[in-house]
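Lettering of chains follows the sequences in order, A, B, ..., and the numbering in each one begins at 1.
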There are 2 protein chains.
Amino acid sequence: MKATIIDVAAKASVSVATVSRVVNGNYPVKEETRQRVMRAIEELRYVPNIQARELNMQKSTTIGVVVPSLYNMFFAEVINGIEDYLSRDSYSLLLSCAKNNPKQEAKCINDFISRNVSGIIVISPNTENIETNFYEQLVQHQSIVFINSYAKLPNISYVSNDEDMGSRIALQYLLDYGHKKILFLRGINSDSYQIKEDTYIEVMKKKGLYNPAYIVNVGEGNGTETVDNSMYKLMDMMLNLDATAIFTCNDLMAVGAVNACKKMGLQIPRDMSIIGYDNISLSHFIEPKLTTMDQNMFALGTNAAELLIEKIQTGKNKKVVLDNILIERDTTGPCLR
Amino acid sequence: MKATIIDVAAKASVSVATVSRVVNGNYPVKEETRQRVMRAIEELRYVPNIQARELNMQKSTTIGVVVPSLYNMFFAEVINGIEDYLSRDSYSLLLSCAKNNPKQEAKCINDFISRNVSGIIVISPNTENIETNFYEQLVQHQSIVFINSYAKLPNISYVSNDEDMGSRIALQYLLDYGHKKILFLRGINSDSYQIKEDTYIEVMKKKGLYNPAYIVNVGEGNGTETVDNSMYKLMDMMLNLDATAIFTCNDLMAVGAVNACKKMGLQIPRDMSIIGYDNISLSHFIEPKLTTMDQNMFALGTNAAELLIEKIQTGKNKKVVLDNILIERDTTGPCLR
DNA sequence: CTGAAAGCGCTAACAG
DNA sequence: CTGTTAGCGCTTTCAG
């Protein structure tokens with residue numbers, strides 16, 4: 001059985017209150033008694049029970065993080081940032097995976113609440129849960145931070161990338177290279193795809209280059225199958241479309257596009273320019289290395305953690321928008337057709 | 001303020017005991033009162049406080065997971081497996097990152113204990129903590145499972161891969177294809193590389209094909225730079241060595257090898273066969289898709305979770321060694337020279 | 001079938 | 001400076 005504060009008190013011949021004071025160092029204790037208590041703690045290998053402490057204090061130092069999937073390295077890198085910031089503030093991180101399923105996402109969150117987390121970070125919240133105003137009820141009693149959510153709800157802090165601006169930069173880069181027929185690859189169930197599509201449509205229309213047939217939906221965008229799905233989808237379509245460039249909503253899709261071109265005998269970037277989004281490590285592992293928009297996942301994570309702790313402590317919401325920068329590598333070049 | 005069991009009891013005009021019975025369904029309650037309680041729960045949006053429940057029941061349904069780094073996708077995939085198994089059993093997962101630092105690893109674990117986890121999974125435990133018998137003291141009061149630890153301590157459950165056997169299979173596969181000059185690519189600072197090298201040397205010697213010059217050390221084996229390091233290292237060497245095949249200690253190195261061949265104008269697998277190790281998702285994202293030994297990280301995770309829950313419930317330790325199976329894809333073929 | 005009451009381990013008045 | 005004690009929200013005997 002694990003030692004409790006009572007065991008320590010008995011061993012040191014003091015009251016539990018004194019032990020508590022020694023442990024927390026929040027009230028004066030005579031040095032000599034302190035020593036005695038410390039020794040008892042050592043000998044019994046006493047570790048305070050945080051559950052009991054938090055039950056008593058009506059607060060908690062655990063925060064919950066929900067991700068839609070762990071298969072896209074994007075999420076691992078964001079979690080890395082969150083964990084890094086949190087551990088400095090001695091918060092703990094409860095992790096749950098929603099498996100790209102809105103029901104599951106809601107279940108994860110209810111579970112967090114049961115476990116008395118002091119706040120929750122949701123990475124790429126499922127649009128369905130936003131529409132059904134699941135979150136609107138939630139924010140009454142919970143501190144929430146959304147990472148990369150398009151719909152802005154009241155009483156929630158946000159950290160997101162300026163994906164609108166990022167998409168403009170990516171598109172402009174392609175346009176500057178002379179590309180006119182630019183395919184747009186997106187997935188389902190994420191706001192982030194919608195933001196980019198809106199920007200894509202606006203930019204292309206403004207240039208008089210818009211063609212709805214160029215918008216391709218590859219389905220699930222964050223699974224193991226995303227790369228292959230994107231590849232097959234493109235191979236099906238490209239025969240009928242004479243595009244010279246592809247702008248994809250994430251790097252997984254971009255890799256699929258690269259593979260499709262290889263399979264079809266198209267040289268990159270001579271015959272086809274491809275630009276991805278995220279800059280996950282995968283993007284520079286492949287050959288040719290991917291030109292992509294960097295989302296700086298680590299910063300996304302640390303900022304979210306910072307906002308959440310601020311929200312917990314002050315009740316104030318804040319929105320942070322990070323800039324995405326272009327990482328120019330080997331999959332883009334001038335339009336030669 | 002969140003509703004408590006007392007609020008529900010008051011609203012439904014019953015005792016807290018009855019509410020508890022309704023919530024847990026473990027004792028008979030008259031249907032009519034049950035209805036009344038359920039209605040009160042709905043109206044108050046009551047969610048049981050698991051901290052309080054667990055404090056009372058002296059048990060917990062949280063488990064802690066320590067990883068040395070979150071940067072490597074290997075770990076993300078293992079965590080995915082753990083999370084998947086745990087969520088079925090309605091356990092929650094507390095995640096901490098030790099940042100490749102033994103002190104930090106110990107701190108993470110003490111923190112878990114404070115938070116009353118019912119067990120801990122350590123992925124690739126730090127050798128230093130094993131030597132200083134930090135863990136030996138720990139196991140008295142804690143259920144521990146190690147993933148991929150080569151040092152075996154008493155009272156700990158293990159799940160690991162049979163990398164010796166896996167290496168034999170990989171090498172034999174290459175030998176069966178007629179390859180005689182097989183390069184071996186390894187990194188630093190991991191037992192796992194040593195196991196594979198020992199096997200490599202033994203197998204090659206037995207065939208009379210051993211050549212120490214064929215052993216290549218690429219340095220850090222799990223960083224972002226591993227792919228490129230491996231590529232440059234190989235490009236430097238291959239000119240002088242007339243190898244026809246390469247066996248690498250992980251997929252990152254294998255991808256580097258593939259890229260090196262591409263850069264040098266060698267066709268894969270016609271001019272060079274390459275076999276990796278791990279089967280991280282990256283291995284089938286690239287083109288040509290990598291032949292590799294599957295470490296099945298997901299299974300590593302689910303098995304660890306299973307063993308941990310078994311250990312928690314029965315106190316029994318177990319060692320599970322998973323077989324690594326060959327995933328034959330597109331980077332290997334017969335020796336044509 | 002239901003209620004009263006005793007804790008789980010801890011903190012924080014309050015009283016010495 | 002230190003001890004006593006009342007809860008935090010919940011489960012579970014033990015009586016009715």
Side-chain angles (χ1 to χ4, degrees), chain A residues 1-38 40-41 44-62 90 110-118 141, chain B residues 1-38 40-41 44-62 90 110-118 141:
Chain A
M1 214 38 225
K2 261 167 36 179
T4 74
I5 199 170
I6 299 180
D7 303 324
V8 177
K11 182 139 202 157
S13 322
V14 294
S15 72
V16 293
T18 301
V19 177
S20 171
R21 288 176 190 121
V22 171
V23 169
N24 296 297
N26 48 0
Y27 290 95
V29 174
K30 209 204 306 179
E31 180 57 22
E32 186 210 312
T33 25
R34 208 186 68 81
Q35 297 284 348
R36 217 169 53 241
V37 171
M38 289 303 280
I41 287 176
L44 295 169
R45 283 200 204 338
Y46 168 71
V47 182
N49 182 328
I50 294 192
Q51 281 193 316
R53 172 187 294 166
E54 296 192 342
L55 176 60
N56 180 290
M57 310 225 295
Q58 299 275 76
K59 59 144 204 153
S60 111
T61 52
T62 311
S90 56
N110 280 325
D111 202 63
F112 284 156
I113 295 173
S114 273
R115 285 175 194 278
N116 228 8
V117 295
S118 58
H141 303 294
Chain B
M1 215 38 226
K2 262 168 34 181
T4 74
I5 198 170
I6 299 179
D7 303 324
V8 177
K11 182 139 201 156
S13 320
V14 294
S15 72
V16 294
T18 302
V19 177
S20 171
R21 288 177 188 121
V22 170
V23 170
N24 296 298
N26 47 0
Y27 291 94
V29 174
K30 209 203 307 174
E31 180 56 20
E32 186 211 313
T33 25
R34 209 185 67 81
Q35 296 286 348
R36 217 167 56 240
V37 171
M38 289 304 280
I41 288 177
L44 294 169
R45 283 201 201 343
Y46 168 71
V47 182
N49 182 328
I50 294 192
Q51 281 193 315
R53 172 185 296 167
E54 296 191 342
L55 176 59
N56 180 288
M57 311 226 295
Q58 299 275 74
K59 59 146 202 150
S60 113
T61 52
T62 311
S90 55
N110 280 325
D111 202 63
F112 285 155
I113 295 172
S114 273
R115 286 176 195 277
N116 228 7
V117 296
S118 56
H141 303 296

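- Note: CD (B:Q51) to P (C:dC10) measures 13 Å, nearest angstrom.
- C:dC10 atom C1' lies 13 Å from atom NZ of A:K2, rounded to whole Å.
- Look at NZ on A:K59: it is 14 Å from C1' on D:dC8, rounded to the nearest Å.
- B:S13 pairs by the side-chain hydrogen bond (donor to acceptor under 3.5 Å, both in side chains) definition with nothing, not counting sequence neighbours.
- Out of C:dG9, C:dA12, D:dG9, the shortest distance to the side chain of A:A17 is found at C:dA12.
- Straight-line distance from the CZ atom of A:R53 to the P atom of D:dG9: 18 Å, rounded to whole Å.
- At the heavy-atom level, B:T18 lies under 4.0 Å from the strands shown only through sugar-phosphate atoms.
- Atom CD1 of B:I50 is separated from atom C1' of D:dC10 by 11 Å (rounded to the nearest Å).
- Applying the 4.0 Å criterion to OP1 and OP2 of C:dG9, one finds that B:Q58 has a side-chain N or O inside that range.
- Taking side-chain N and O atoms only, A:S20 has a distance below 4.0 Å to OP1 or OP2 of C:dT11.
- In the model, B:R115 has a side-chain atom that pairs as donor or acceptor with a side-chain atom of A:T61 under 3.5 Å.
- Near DNA chain C, meaning a heavy atom under 4.0 Å from it, residues 22-37 of chain A has A:N24, A:N26 in order of number.
- Closest contact between the side chain of A:L55 and the listed nucleotides C:dG9, D:dC10, C:dC10 involves C:dG9.
- Between the C1' atom of C:dC10 and the CZ atom of B:R115 lies a distance of 15 Å, rounded to the nearest Å.
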* Start with the C-alpha gap between A:K2 and B:N116, add the side-chain angles, then the distance that decides, and say whether side chain to side chain contact (heavy atoms under 4.5 Å, CB included) holds. => CA-CA 10 Å; A:K2 261 167 36 179; B:N116 228 7; 3.1 Å; yes
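- Judged purely by atom type and a 3.5 angstrom limit, B:D7 uses its side chain to pair as donor or acceptor with the backbone of B:T4.
- The closest side-chain heavy-atom distance from B:E54 to A:Q51 is below 4.5 Å.
- Checked by atom type and distance alone, the side chain of B:R36 pairs as donor or acceptor with a backbone atom of B:A12 at under 3.5 Å.
- Checking side-chain atoms of B:T62 against main-chain N and O of B:V117 turns up no donor-acceptor pair under 3.5 Å.
- For B:L44 and D:dG9, the CG to P distance is 14 Å, given to the nearest whole Å.
- Among the protein residues, A:V14 comes within range of the sugar-phosphate backbone only, with heavy atoms under 4.0 Å from sugar or phosphate atoms but none that close to a base.
- Counting to the nearest Å, the C1' atom of D:dC10 and the CE atom of B:M57 are 9 Å from each other.
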